[in-house]
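First the structure, in the form of structure tokens, and then the observations on it.
Numbers here simply count residues along the sequence, with the first being 1. Numbering of ligands and ligand atoms starts at 1, following listing order. Basis for what follows: all heavy atoms, side chains included, without hydrogens, waters or symmetry-related copies.
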Amino acid sequence: MNKHAAVDLKAAKITGGVGNDQRHDSAHKHVSGEAVYIDDMPEPSGTLHGCLGLATVAHGTIRKMDLAAVRAAPGVVCVLTAKDVPGENDISPTGRHDEPVLADGKVQFHGQPIFAVIAGTREEARRACRLAVVKYRELPAIIDIGGLDPDKDKLVTPPLTLKRGDAGEAIAKAPRRVKGKMRIGGQDHFYLEGHIALAIPGEDHDVTVYSSTQHPSEVQHMVAHALGVPSHAVTVEIRRMGGGFGGKETQSNQFAALAAIAAKKLGRAVKIRPDRDDDMTATGKRHDFLVDYEVGFDDEGNILGVDYSYAARCGFSSDLSGPVTDRALFHCDNAYFYPNVHARSAPLYTNTVSNTAFRGFGGPQGMVAAERVIDEIAFATGKDALDIRKRNFYGTTDRNVTPYHQKVEDNIIHRIVAELEESSNYARRRREIAAFNNNSRIVKRGLALTPVKFGISFTATHYNQAGALVHVYTDGSVHLNHGGTEMGQGLYLKVAQVVAEEFQIDLDKVKITATTTGKVPNTSATAASSGSDLNGMAAQNAARQIRKRLADFAADKFQVPADQVVFLPNRVRIGNQEIPFAELVRQAYFARIQLSAAGFYKTPKIHWNRDKGEGHPFYYFAYGASCSEVSVDTLTGEYMIERTDILHETGRSLNRAIDLGQVEGGFVQGVGWLTTEELWWDDKGRLRTHAPSTYKIPLASDRPKVFNVTLADWPENHEPTIHRSKAVGEPPLMLGMSVLHALSDAVASVADHRICPRLDAPATPERVLMAIEELHAEAAK
Ligand code: MTE
Ligand code: HPA
Ligand code: MOS
């Protein structure tokens, strides 16, 4: 027997079941370089390579496109333009038909793909691209949303309004009022593995596309439309991504469609892997927002009414901007009860790249504005911001209706924040920091504790479904497949743990396999943090079907009542005898029992009426809180995170090791977004921050000097989710807000905490310095 076949038939527990803190199934391969990403796959002989030709104006019509030199360049096999798209020249994910594969005569942003070169090598394709001579008739371009009017200027998709009570009247009658504006920057995904697609042509209309995508089904449908063939001709497969973060929910479509078009036209495999600059220039990012807010409150700091207008830079097409801006509104409350609220979105058209999903999906921007409002009230009333936060938290039995009329039924923010306040020594450190700042002229410290409440489910109800496929082979080993994709978040492992648990077999008996449209059809994007909720349930459903067949077979064969068949670790007790799981499977096979099943799941309880702005869009909420302390050099604006304490909950965790990684990584990514990651377009609409030289993501050395991350061990999901766990993918990103507010607190100390610094995001050292200077100037008045 080889070692993989050895099983412990006396084990008290299987290895790697649910709740077991297994390391990521590919962790050792990630670090050794053995994990196979698409660019690591052996290329079929004759594989060609593509490069995109990008527009060099932000808005205009193409007068003349002379590609003769491109065609004549060494190694070039073909050049594709819009007219080479055999099917529909559209990859708009929501059916609005506003996003071409290749621009057809009309250019809407600087960097928009207008042609593609296919050559022998990537280098040849890249060099050839530069030889195009394109003449444009330029049109006025809208680059920034600063001067736009949500009521008059062009929107890419219909806006949303949420309202409860009468915000206008409540604000007008409130004892105190504050009005302000906040700019919240966007963010590049900066996945380590950039976009890539490898298309291999087959017989007839067939094509197989390996695509680094969070949404293989959508890539399949887009490729089919672009080729003008049925979906059944297109198979899309992805074993793993080197990060997606939302950037591969829709943005993979373009590369996959072009690779497939070229592959079918030429009858050869075609790979497209843009370099980092092209990836950053030509693919969408997190939406930047301009938020106008007005809040009415009493002298104690209780919010009475609030009004928000969320204007977003969507870029030239709708992409996912509808659901993204909707989710911003769904999070304009963060964890706070608004007795009267009015919030509206403005998904604005601009001549910039079309913005897309990014971890939190608009929710973070919604919440950052809510936290600014809290800060405003704290400064106006002279109270500690944490006091204002706590007094405005949702109640548990009353004061618990959201702006979208869903009741918050699982509120645990009070306990999370109380425990963190205690464990981080908030009150004591608040006093120590005040004393430190009194004695320190140049370096000032700041402290903030911010909560997170995040709604779990796709807001488009139909997305909340999933499928899985499970095979049990005659040796008792299991093949697992489902619609979810792996981007480093540990989804494959969690679902495998669920299946191991159902069959009560060791985790290494469950084979994790690549996601493919050929095994599980019509899947949703792995997004909205719902990967394990949805696919875990679908896989459990499949495993249970097979387990039931095995149990029925055993009861029948050994003539025992059904309740005397019990699945024990790696074995099955049938009456008073025990046989190995594999032996039962073998016998079931000979009795012609079906050992394969397709599983399915759809989230219960959710509904949403967008026209009314009312419903129950989220199955449940995930909670957490973070407390950060920073030190700021008030002469330069440079800062450091001295310490961060986090308490986050993931219900009854499927795997705490994985969840801890998600919390740490999410927090750091959130800090990057709110501090150093700045996107900058010039007045010609050129993205000038298109490489790590000009776009600064956090380094290991930027992490908090003291970093205490704890998963709360007491919560469980009050809804019957998979083993009562909770989603963890996106919520921790918003823990990064405590750093923004700690910076603001440090800045405020230069004017004795009398003036709200109104620090915009990202709070780069430059912006921190400017805020300090403004406060100095105002204080001197
Ligand atoms: N973690 C890693 N390592 N890499 C990623 O790309 N994406 C995030 C989050 N965590 C991401 C990640 C985003 S945007 C989402 S929606 C979830 O993972 C998706 O996976 P899940 O639903 O399985 O949590
Ligand atoms: N979250 C993430 N991705 C999505 C959503 C959502 O709510 N809706 C559509 N794609
Ligand atoms: Mo995540 S932004 O929902 O892919």
Parallel, tilted or perpendicular, as decided by the 30° and 60° cut-offs, for the rings of His30 and His24: tilted
Atom 9 (C) of ligand 2 - nearest protein heavy atom and its distance: Tyr463 CE2, 3.4 Å
Presence of salt bridge, Asp702 and Lys696, under 4.0 angstrom: yes
Shortest protein heavy-atom distance from atom 3 (O) of ligand 3, along with the residue and atom involved: Ala528 N, 2.6 Å
For ligand 2, the portion of Ala528 having any non-hydrogen atom under 4.0 Å away: both
Mutual orientation of the aromatic rings belonging to Phe667 and Phe707 [parallel < 30°, tilted 30-60°, perpendicular > 60°]: tilted
Nearest neighbour of atom 8 (C) of ligand 1 from the list Lys248, Gln669, Arg359, Lys494, on a heavy-atom basis: Arg359
Ligand 1 atoms in contact with Gly243 (distance to a heavy atom under 4.0 Å): 6 (O)
Residue and atom name of the nearest protein heavy atom (relative to atom 2 (S) of ligand 3), distance in Å to one decimal: Arg359 N, 3.1 Å
Polar proximity ligand 1 side, Gly531 side, N/O cut 3.5 Å exclusive: yes
Distance-only polar pair, side chains of Thr157 and Ser321, donor-acceptor under 3.5 Å: no
Parallel, tilted or perpendicular: rings of Tyr404 and Phe621 (30°, 60°): tilted
Gln497-Asn20 side chain donor-acceptor pair, cut-off 3.5 Å: no
Parallel, tilted or perpendicular: rings of Tyr191 and His195 (30°, 60°): perpendicular
Salt bridge Glu486-Arg239, side-chain N to carboxylate O under 4.0 Å: no
N/O separation below 3.5 Å, Gln214 to ligand 3: yes
Glu730 N/O under 3.5 Å from ligand 3 N/O: yes
Flag, side chain of Glu99 to backbone of Ser317, donor-acceptor distance under 3.5 Å: no
Heavy-atom check, side chain of Val101 versus side chain of Asp90, under 4.5 Å: no
Ligand-side contact atoms (ligand 1) for residue partner Ala527, heavy atom cut-off under 4.0 Å: 16 (S)
Min N/O separation Glu249 to ligand 2 under 3.5 Å: yes
Where ligand 1 meets Gly244 - atom numbers and elements under 4.0 angstrom, heavy-atom basis: 5 (C), 6 (O)
Per-atom contacts, ligand 2 versus Thr459 - under 4.0 Å to a heavy atom: 7 (O)
Which of the ligand 1 atoms, numbered from 1, are nearer than 4.0 Å to a heavy atom of Gly246: 14 (S)
Ligand 1 versus Ala357: contacting region, heavy-atom distance under 4.0 Å: neither
Phe454 and His331: CA distance, side-chain angles, deciding distance, ring pair (Phe, Tyr, Trp, His ring centres under 6.0 Å) verdict: CA-CA 7 Å; Phe454 192 76; His331 289 81; 4.7 Å; yes
Close N or O approach (Glu730, ligand 2; < 3.5 Å): no
Ligand 1-proximal atoms of Ala727, by part, heavy-atom distance under 4.0 Å: neither
Proximity to ligand 1 by part of Met241, non-hydrogen separation under 4.0 Å: neither
Polar contact flag for Ala528 and ligand 1 (N/O pairs, less than 3.5 Å): no
SB check Glu193 Lys248 (cutoff 4.0 Å): yes
Residue portion contacting ligand 1 (non-hydrogen atoms closer than 4.0 Å) for Gln662: side chain
